[in-house]
Number of protein chains: 2
Amino acid sequence: MPRARPQEPAPAFERPLTTVDLVIFGLAGDSLSVLLVRRGDGPGEPFPGLWALPGGFIDVERDRDLEACAMRKLKEKTGVASPYLEQLGSWGDGRRDPRGWSATHVYFALMPIDGVTLRAGANAVDARWFSVAGNGAQKKLAFDHQRILDAAVARLRGKADYTSLPAHLLPKEFTLTELQRAYEAVIGRPLEKSAFRTRVLAADVVEPTSRVRGGSNRPARLYRLKSGKDIVYFPRNFEPRKSDGRSER
Amino acid sequence: MPRARPQEPAPAFERPLTTVDLVIFGLAGDSLSVLLVRRGDGPGEPFPGLWALPGGFIDVERDRDLEACAMRKLKEKTGVASPYLEQLGSWGDGRRDPRGWSATHVYFALMPIDGVTLRAGANAVDARWFSVAGNGAQKKLAFDHQRILDAAVARLRGKADYTSLPAHLLPKEFTLTELQRAYEAVIGRPLEKSAFRTRVLAADVVEPTSRVRGGSNRPARLYRLKSGKDIVYFPRNFEPRKSDGRSER
DNA sequence: TTAATAGTGTCTATAAGACATTATATG
DNA sequence: CATATAATGTCTTATAGACACTATTAA
């Protein structure tokens with residue numbers, strides 16, 4: 001189907017630089033964390049030495065579509081082949097990259113940290129998990145990646161209120177308490193145990209395995225995500241914003 | 001801050017074509033409608049004569065950022081300067097445009113149809129509102145615009161379940177019954193009057209005006225959106241999916 | 001037995017669904 | 001008065017929050 005090139009006003013316009021970036025979330029201990037890579041400091045490299053979201057240019061020869069490009073970069077950095085991946089949005093303007101007008105298509109991924117073997121990529125001389133503490137208070141990031149990260153955190157927090165998304169931060173098998181801790185790490189506030197368990201079990205999103213995790217106390221049942229349940233929507237939010245201002249989520 | 005051009009592997013990659021497209025929703029009578037434009041049939045024009053979402057190439061000289069580009073195109077087609085506008089997502093691959101690997105950044109807008117004066121744009125020889133009936137069953141659209149439209153309708157329907165978005169389909173002043181009809185047009189199912197009114201009024205999203213709309217019956221109070229309330233989130237969905245499968249929204 | 005965490009039950013509050021009832025305009 | 005639509009009230013149901021209580025393991 002692809003025909004020639006030269007046609008219509010298309011080529012008459014200067015083409016923006018086009019990249020795909022990733023916001024990769026994991027749980028480090030009890031805190032929500034994001035994978036950042038350090039920018040190289042070769043000649044002409046923008047933002048040398050700063051930390052940035054992993055990503056890079058689309059390779060129109062190799063990348064079938066935007067999502068395939070995101071998957072490729074994800075695999076390169078983490079070795080993980082099939083995490084939860086969702087498009088976050090795109091950012092483009094004339095100032096975010098000193099090399100010219102550029103637009104980036106951003107995806108966000110959720111994965112268990114323990115399944116990851118970090119790999120320094122082409123441009124990255126280092127890669128590390130950084131805690132996403134109180135949302136802000138990060139170090140200075142390259143490009144406009146801080147605002148993209150903020151948007152990603154906001155999206156994840158918002159969806160944690162009414163979906164099963166945080167489950168993808170855990171390994172394949174987990175206890176309900178571990179799942180609750182994952183939610184709490186994302187939402188940033190303790191949840192009520194009984195309500196949490198009722199909600200999760202009623203949503204038919206997890207299924208019990210035959211195994212338990214023991215300690216010096218009553219062992220906890222291990223659960224896994226039901227297959228095909230990448231994302232399940234709950235009928236209500238946690239904590240319906242009380243008093244007056246219920247607005248602005 | 002923008003410096004020179006030639007640096008880093010950036011220019012070593014072929015740059016995809018980059019466009020911005022719009023899904024513009026309005027209410028025609030009682031049915032949710034979308035604004036489409038007809039593709040020109042000049043030499044080299046892809047999909048000549050087919051209907052398409054309004055949009056086009058980014059002009060890196062004029063467009064400060066992606067949203068400004070969307071606003072510019074919106075203004076060109078409809079004359080409307082400040083509708084509700086939100087980014088929908090981006091689509092990019094090597095097959096959607098015969099002129100080469102292309103990516104489009106898509107925004108969706110909500111506006112009252114009566115405020116619109118349609119203007120045929122540069123590439124468009126015609127522009128018209130089309131009813132978004134049962135979701136599918138459209139005519140064949142140019143590019144991959146059918147799947148983009150489907151995604152936009154899904155997003156709008158989803159958000160109508162728990163936000164105030166459909167209010168932007170109405171003129172500045174409206175009755176609560178008209179607002180309910182707007183929701184019903186979007187969601188595609190009748191809502192219960194009492195519950196609807198309680199929800200809307202409790203959400204503090206509209207305020208009464210001093211005016212009413214009369215007929216040969218009890219006149220209805222006119223309301224307007226409270227300023228600053230572009231989008232308000234309700235604490236629950238309509239119709240929590242009943243029986244078993246509550247999942248997959 | 002104690003300590004610790006897993007898991008359940010009870011009660012209340014909130015908001016939606018269903019549906020009936022009252023209110024207010026025109027003719 | 002009749003008619004039509006606006007607006008409100010009542011009753012039930014589903015689920016979240018708070019918090020108490022029971023269950024099961026190791027040591």
Side-chain angles (χ1 to χ4, degrees), chain A residues 30 160-164 173-184 187 189-223 232-247 249, chain B residues 30 160-164 173-181 183-184 187 189-223 232-247:
Chain A
D30 266 353
D161 245 16
Y162 60 97
T163 75
S164 61
E173 299 194 347
F174 47 83
T175 69
L176 292 185
T177 300
E178 288 166 350
L179 183 57
Q180 185 177 339
R181 296 288 168 269
Y183 270 86
E184 291 169 339
I187 297 183
R189 146 177 79 78
L191 296 173
E192 208 286 315
K193 179 167 64 166
S194 168
F196 179 81
R197 298 167 85 96
T198 304
R199 157 186 282 221
V200 168
L201 293 176
D204 192 41
V205 55
V206 298
E207 60 188 2
T209 69
S210 58
R211 309 201 312 133
V212 293
R213 168 159 314 158
S216 70
N217 47 32
R218 177 173 175 176
R221 175 115 267 137
L222 286 168
Y223 289 80
V232 169
Y233 295 85
F234 304 123
R236 301 192 196 166
N237 281 344
F238 285 116
E239 188 90 336
R241 286 82 191 99
K242 56 194 59 164
S243 60
D244 63 338
R246 66 207 349 98
S247 44
R249 186 190 274 161
Chain B
D30 267 352
D161 244 18
Y162 61 98
T163 74
S164 60
E173 298 194 348
F174 48 83
T175 69
L176 291 186
T177 300
E178 288 166 350
L179 183 58
Q180 186 177 338
R181 297 288 168 269
Y183 270 85
E184 290 169 340
I187 298 183
R189 147 176 76 82
L191 297 174
E192 208 285 316
K193 180 165 63 165
S194 169
F196 179 80
R197 299 167 84 95
T198 305
R199 158 188 281 223
V200 168
L201 294 176
D204 192 40
V205 56
V206 298
E207 59 189 1
T209 69
S210 59
R211 309 201 311 134
V212 294
R213 170 159 311 160
S216 70
N217 47 33
R218 177 172 175 177
R221 175 116 267 135
L222 286 168
Y223 289 80
V232 169
Y233 295 85
F234 304 124
R236 300 192 197 166
N237 281 345
F238 284 116
E239 189 90 336
R241 285 85 192 99
K242 56 193 60 164
S243 60
D244 63 337
R246 62 201 359 90
S247 44

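Because the structure is predicted, anything quoted here is derived from the model rather than measured. Naming convention: chains lettered A, B, ... in sequence-line order (proteins, then strands); numbering from 1 in each chain.
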Atom [atom1] of [X] to atom [atom2] of [N]: distance rounded to whole Å?
{"X": "A:Gln180", "N": "C:dA6", "atom1": "CD", "atom2": "P", "result": "9 Å"}
{"X": "A:Ile187", "N": "D:dG17", "atom1": "CD1", "atom2": "P", "result": "9 Å"}
{"X": "B:Glu192", "N": "C:dA15", "atom1": "CD", "atom2": "C1'", "result": "13 Å"}
{"X": "B:Tyr233", "N": "C:dA15", "atom1": "OH", "atom2": "P", "result": "19 Å"}
{"X": "A:Asn237", "N": "D:dA16", "atom1": "CG", "atom2": "C1'", "result": "11 Å"}
{"X": "B:Lys193", "N": "C:dA20", "atom1": "NZ", "atom2": "P", "result": "13 Å"}
{"X": "A:Glu178", "N": "C:dG7", "atom1": "CD", "atom2": "P", "result": "11 Å"}
{"X": "A:Leu201", "N": "C:dT8", "atom1": "CG", "atom2": "P", "result": "8 Å"}

(message) Please compare A:Leu176 and B:Phe196 by the position of their nearest nucleotide in DNA chain C and report the one closer to 5'.
(response) A:Leu176
(request) Map B:Thr198 and A:Pro219 onto DNA chain C by nearest heavy atom, then report which one ends up closer to the 5' terminus. (result)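 Its nearest nucleotide lies further toward 5', so the answer is A:Pro219.
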(message) If you only use heavy atoms from C-beta on, which nucleotide in D:dA26, D:dT25, C:dA16 is closest to the side chain of B:Ala195?
(response)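 My answer, after comparing the listed nucleotides, is C:dA16.
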Could you check whether any side-chain heavy atom of [X] comes within less than 4.5 Å of a side-chain heavy atom of [Y], counting everything from C-beta outward?
{"X": "A:Phe238", "Y": "A:Leu191", "answer": "yes"}
{"X": "A:Thr163", "Y": "A:Val232", "answer": "no"}
{"X": "B:Val206", "Y": "B:Glu173", "answer": "no"}

Any base atoms under 4.0 Å from [X], or only sugar-phosphate, or nothing? Heavy atoms, all strands.
{"X": "B:Thr177", "value": "sugar-phosphate"}
{"X": "A:Gly215", "value": "sugar-phosphate"}
{"X": "B:Arg197", "value": "base"}

Confirm from the modelled atom types if [X] and [N] form a donor-acceptor pair under 3.5 Å, side chain to base only.
{"X": "B:Arg218", "N": "C:dT26", "answer": "no"}
{"X": "B:Ser194", "N": "D:dG9", "answer": "yes"}
{"X": "B:Arg236", "N": "C:dA15", "answer": "yes"}

(message) Side-chain N or O of A:Arg199 versus OP1/OP2 of D:dA16: is the shortest distance under 4.0 Å?
(response) yes
(message) Between A:Glu184 and A:Arg181, does any side-chain N to carboxylate O distance fall below 4.0 Å?
(response)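 A salt bridge links A:Glu184 with A:Arg181.
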(message) In terms of relative ring orientation, are A:Tyr183 and A:Phe234 parallel, tilted or perpendicular, with 30° and 60° separating the classes?
(response)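 Geometry flag for A:Phe234 against A:Tyr183: tilted rings.
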